[in-house]
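Encoded as C-alpha coordinates, the structure appears first; notes follow it.
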Amino acid sequence: MLRQLLLAGLLIAITIAVQALFMAFGLRRFRSIEQHHPAILARWPTAVTVIWILYLLLPIVLDVVVWAICYDLKQALPTFEQALYFSIVTFTTVGYGDITLGPDWRVLATFEAVNGWIIFGWATALIMAVIQRLYFRSDASRG
(Lines give C-alpha, C1' and ligand atoms only; values in the text may rest on other atoms or scores of the structure.)
Protein backbone atom coordinates (compact mmCIF):
# COMPACT_ATOMS: atom_id res chain seq x y z
CA MET A 1 0.00 0.00 0.00
CA LEU A 2 2.87 2.39 0.73
CA ARG A 3 4.16 1.90 -2.82
CA GLN A 4 0.74 2.84 -4.19
CA LEU A 5 0.69 5.99 -2.07
CA LEU A 6 4.17 6.97 -3.23
CA LEU A 7 3.27 6.24 -6.85
CA ALA A 8 0.06 8.28 -6.49
CA GLY A 9 2.07 11.17 -5.05
CA LEU A 10 4.50 11.00 -7.97
CA LEU A 11 1.70 10.92 -10.55
CA ILE A 12 -0.10 13.82 -8.89
CA ALA A 13 3.15 15.82 -8.82
CA ILE A 14 3.69 15.13 -12.53
CA THR A 15 0.16 16.19 -13.46
CA ILE A 16 0.37 19.33 -11.35
CA ALA A 17 3.65 20.22 -13.06
CA VAL A 18 2.05 19.68 -16.48
CA GLN A 19 -0.89 21.91 -15.50
CA ALA A 20 1.40 24.59 -14.07
CA LEU A 21 3.54 24.70 -17.20
CA PHE A 22 0.52 24.99 -19.49
CA MET A 23 -1.06 27.58 -17.21
CA ALA A 24 2.06 29.71 -17.04
CA PHE A 25 2.61 29.63 -20.80
CA GLY A 26 -1.07 30.25 -21.59
CA LEU A 27 -1.46 33.13 -19.18
CA ARG A 28 1.78 34.70 -20.38
CA ARG A 29 0.53 34.50 -23.95
CA PHE A 30 -2.87 35.91 -22.95
CA ARG A 31 -1.22 38.86 -21.16
CA SER A 32 0.97 39.52 -24.17
CA ILE A 33 -2.07 39.65 -26.46
CA GLU A 34 -3.85 41.82 -23.92
CA GLN A 35 -0.95 44.30 -23.91
CA HIS A 36 0.02 44.30 -27.58
CA HIS A 37 -3.21 43.42 -29.38
CA PRO A 38 -6.15 44.31 -27.11
CA ALA A 39 -8.47 44.73 -30.10
CA ILE A 40 -8.32 40.97 -30.73
CA LEU A 41 -9.69 40.28 -27.27
CA ALA A 42 -12.34 43.00 -27.55
CA ARG A 43 -13.54 41.91 -31.00
CA TRP A 44 -13.53 38.14 -30.56
CA PRO A 45 -14.05 37.28 -26.89
CA THR A 46 -16.04 34.15 -27.73
CA ALA A 47 -13.34 32.81 -30.05
CA VAL A 48 -10.68 33.56 -27.43
CA THR A 49 -12.76 31.76 -24.80
CA VAL A 50 -13.15 28.69 -27.01
CA ILE A 51 -9.43 28.63 -27.80
CA TRP A 52 -8.57 29.03 -24.11
CA ILE A 53 -10.84 26.16 -23.07
CA LEU A 54 -9.47 23.88 -25.80
CA TYR A 55 -5.94 24.86 -24.77
CA LEU A 56 -6.69 23.92 -21.15
CA LEU A 57 -7.96 20.52 -22.29
CA LEU A 58 -4.53 19.64 -23.71
CA PRO A 59 -2.79 19.19 -20.34
CA ILE A 60 -5.82 17.29 -19.05
CA VAL A 61 -5.44 14.84 -21.92
CA LEU A 62 -1.74 14.52 -21.08
CA ASP A 63 -2.58 13.93 -17.42
CA VAL A 64 -5.00 11.14 -18.30
CA VAL A 65 -2.39 9.54 -20.55
CA VAL A 66 0.23 9.69 -17.78
CA TRP A 67 -2.09 7.74 -15.48
CA ALA A 68 -2.96 5.28 -18.27
CA ILE A 69 0.72 4.67 -19.00
CA CYS A 70 1.25 3.92 -15.33
CA TYR A 71 -1.61 1.39 -15.27
CA ASP A 72 -0.26 -0.16 -18.45
CA LEU A 73 3.33 -0.39 -17.20
CA LYS A 74 2.11 -1.94 -13.94
CA GLN A 75 -0.09 -4.35 -15.95
CA ALA A 76 -3.04 -3.31 -13.81
CA LEU A 77 -5.27 -3.74 -16.86
CA PRO A 78 -4.92 -6.09 -19.86
CA THR A 79 -4.46 -3.47 -22.62
CA PHE A 80 -3.42 0.15 -23.00
CA GLU A 81 -6.83 0.93 -24.49
CA GLN A 82 -8.51 -0.34 -21.32
CA ALA A 83 -6.01 1.57 -19.19
CA LEU A 84 -6.74 4.76 -21.12
CA TYR A 85 -10.50 4.27 -20.90
CA PHE A 86 -10.28 3.50 -17.19
CA SER A 87 -8.09 6.55 -16.66
CA ILE A 88 -10.53 8.83 -18.49
CA VAL A 89 -13.55 7.69 -16.50
CA THR A 90 -11.61 7.81 -13.24
CA PHE A 91 -9.91 11.19 -13.81
CA THR A 92 -13.24 12.75 -14.77
CA THR A 93 -14.86 11.00 -11.77
CA VAL A 94 -17.52 9.54 -14.07
CA GLY A 95 -16.59 6.07 -12.81
CA TYR A 96 -18.78 3.86 -15.00
CA GLY A 97 -17.49 0.75 -13.26
CA ASP A 98 -17.48 -1.43 -16.36
CA ILE A 99 -13.69 -1.75 -16.07
CA THR A 100 -12.18 -1.97 -12.61
CA LEU A 101 -8.76 -2.49 -11.14
CA GLY A 102 -7.89 -5.52 -9.07
CA PRO A 103 -7.52 -5.21 -5.31
CA ASP A 104 -3.79 -4.51 -5.64
CA TRP A 105 -4.41 -1.23 -7.49
CA ARG A 106 -7.76 0.10 -6.23
CA VAL A 107 -6.21 2.64 -3.86
CA LEU A 108 -4.26 4.17 -6.74
CA ALA A 109 -7.47 4.78 -8.68
CA THR A 110 -8.99 6.79 -5.84
CA PHE A 111 -6.03 9.16 -5.97
CA GLU A 112 -6.50 9.58 -9.71
CA ALA A 113 -10.09 10.65 -9.06
CA VAL A 114 -8.92 13.17 -6.46
CA ASN A 115 -6.25 14.36 -8.89
CA GLY A 116 -8.84 14.89 -11.61
CA TRP A 117 -11.11 16.77 -9.23
CA ILE A 118 -8.25 19.15 -8.33
CA ILE A 119 -7.14 19.63 -11.93
CA PHE A 120 -10.67 20.31 -13.20
CA GLY A 121 -11.20 22.81 -10.40
CA TRP A 122 -7.97 24.54 -11.33
CA ALA A 123 -8.87 24.61 -15.02
CA THR A 124 -12.31 26.00 -14.18
CA ALA A 125 -10.70 28.79 -12.16
CA LEU A 126 -8.43 29.62 -15.10
CA ILE A 127 -11.38 29.64 -17.50
CA MET A 128 -13.25 32.03 -15.22
CA ALA A 129 -10.22 34.29 -14.86
CA VAL A 130 -9.98 34.69 -18.63
CA ILE A 131 -13.74 35.15 -19.00
CA GLN A 132 -13.65 37.91 -16.40
CA ARG A 133 -10.85 39.65 -18.28
CA LEU A 134 -12.67 39.32 -21.59
CA TYR A 135 -16.23 40.16 -20.61
CA PHE A 136 -16.08 42.14 -17.37
CA ARG A 137 -13.36 44.69 -17.98
CA SER A 138 -14.27 48.26 -17.27
CA ASP A 139 -14.87 50.49 -20.30
CA ALA A 140 -11.74 52.45 -19.43
CA SER A 141 -9.56 49.37 -19.90
CA ARG A 142 -11.06 48.47 -23.27
CA GLY A 143 -9.12 50.78 -25.25
Side-chain angles (χ1 to χ4, degrees), residues 1-138 141-142:
M1 165 116 67
L2 180 60
R3 289 184 0 178
Q4 283 188 58
L5 295 175
L6 292 172
L7 181 56
L10 174 64
L11 292 168
I12 290 169
I14 290 168
T15 60
I16 288 172
V18 167
Q19 289 299 127
L21 289 169
F22 270 80
M23 175 195 70
F25 177 80
L27 289 176
R28 215 177 358 233
R29 186 72 183 123
F30 183 83
R31 280 191 215 113
S32 175
I33 293 169
E34 193 173 42
Q35 289 174 349
H36 302 295
H37 307 287
I40 291 172
L41 302 180
R43 285 190 191 128
W44 296 297
T46 301
V48 172
T49 301
V50 169
I51 291 167
W52 181 242
I53 291 170
L54 291 174
Y55 173 77
L56 290 177
L57 284 174
L58 293 174
I60 290 171
V61 170
L62 290 175
D63 295 342
V64 166
V65 170
V66 164
W67 282 90
I69 289 169
C70 175
Y71 295 132
D72 194 50
L73 290 175
K74 295 294 183 178
Q75 298 178 336
L77 292 162
T79 67
F80 180 75
E81 186 274 332
Q82 287 182 0
L84 183 61
Y85 173 78
F86 177 82
S87 183
I88 292 167
V89 298
T90 303
F91 198 86
T92 60
T93 68
V94 171
Y96 291 132
D98 53 339
I99 296 178
T100 59
L101 295 179
D104 294 344
W105 296 106
R106 285 190 290 209
V107 171
L108 189 63
T110 61
F111 283 97
E112 183 181 5
V114 170
N115 187 203
W117 183 73
I118 291 166
I119 295 296
F120 279 109
W122 190 359
T124 301
L126 292 171
I127 290 166
M128 291 310 302
V130 166
I131 287 171
Q132 286 177 340
R133 297 293 286 222
L134 290 171
Y135 292 99
F136 300 105
R137 296 188 287 177
S138 69
S141 68
R142 288 186 186 253

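Numbering of residues begins at 1 and proceeds along the displayed sequence.
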To the closest 0.5 Å, what do you measure between [atom1] ([X]) and [atom2] ([Y])?
X	Y	atom1	atom2	answer
Ile51	Leu56	CD1	CG	12.0 Å
Phe91	Ile118	CZ	CD1	9.0 Å
Ile12	Asp63	CD1	CG	11.0 Å
Leu134	Ile40	CG	CD1	12.0 Å
Met128	Arg133	CE	CZ	14.0 Å
Ile69	Leu11	CD1	CG	10.0 Å

For the student: nearest non-hydrogen atoms of [X] and [Y], plus distance:
X	Y	result
Tyr71	Ala109	OH-CA, 3.6 Å
Gln4	Val107	OE1-CB, 3.3 Å
Ala83	Ala68	CB-O, 3.6 Å

task: Check for a donor-acceptor pair, side chain of Ser87 on one end and backbone N or O of Val64 on the other, with a separation under 3.5 Å.
output: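 Yes.
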Check whether any side-chain heavy atom of [X] sits under 4.5 Å from a side-chain heavy atom of [Y], and report yes or no.
X	Y	value
Trp105	Leu77	no
Ile119	Trp122	yes
Trp67	Ile88	no
Leu2	Leu6	yes
Cys70	Leu10	no
Val50	Leu54	yes
Ile60	Gln19	yes
Phe111	Asn115	no

message: With side-chain contact (heavy atoms from CB on, under 4.5 Å) as the criterion, how do Asp104 and Lys74 come out once you've worked through the C-alpha distance, each side chain's angles and the decisive distance to 0.1 Å?
response: CA-CA 11 Å; Asp104 294 344; Lys74 295 294 183 178; over 6 Å; no
task: For the residue pair Trp52 and Tyr55, categorise the inter-ring angle as parallel (less than 30°), tilted (30 to 60°) or perpendicular (more than 60°).
output: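 Plane angle under 30°, so parallel.
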message: Parallel, tilted or perpendicular, judged at 30° and 60°: which one describes the rings of Tyr85 and Tyr96?
response: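 Rings of Tyr85 and Tyr96: parallel, under 30°.
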Candidate list Leu58, Val61, Leu62, test side chain to side chain contact (heavy atoms under 4.5 Å, CB included), partner Val18, passing option: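 Between Val18 and the candidates, side chain to side chain contact (heavy atoms under 4.5 Å, CB included) is satisfied uniquely by Leu62.
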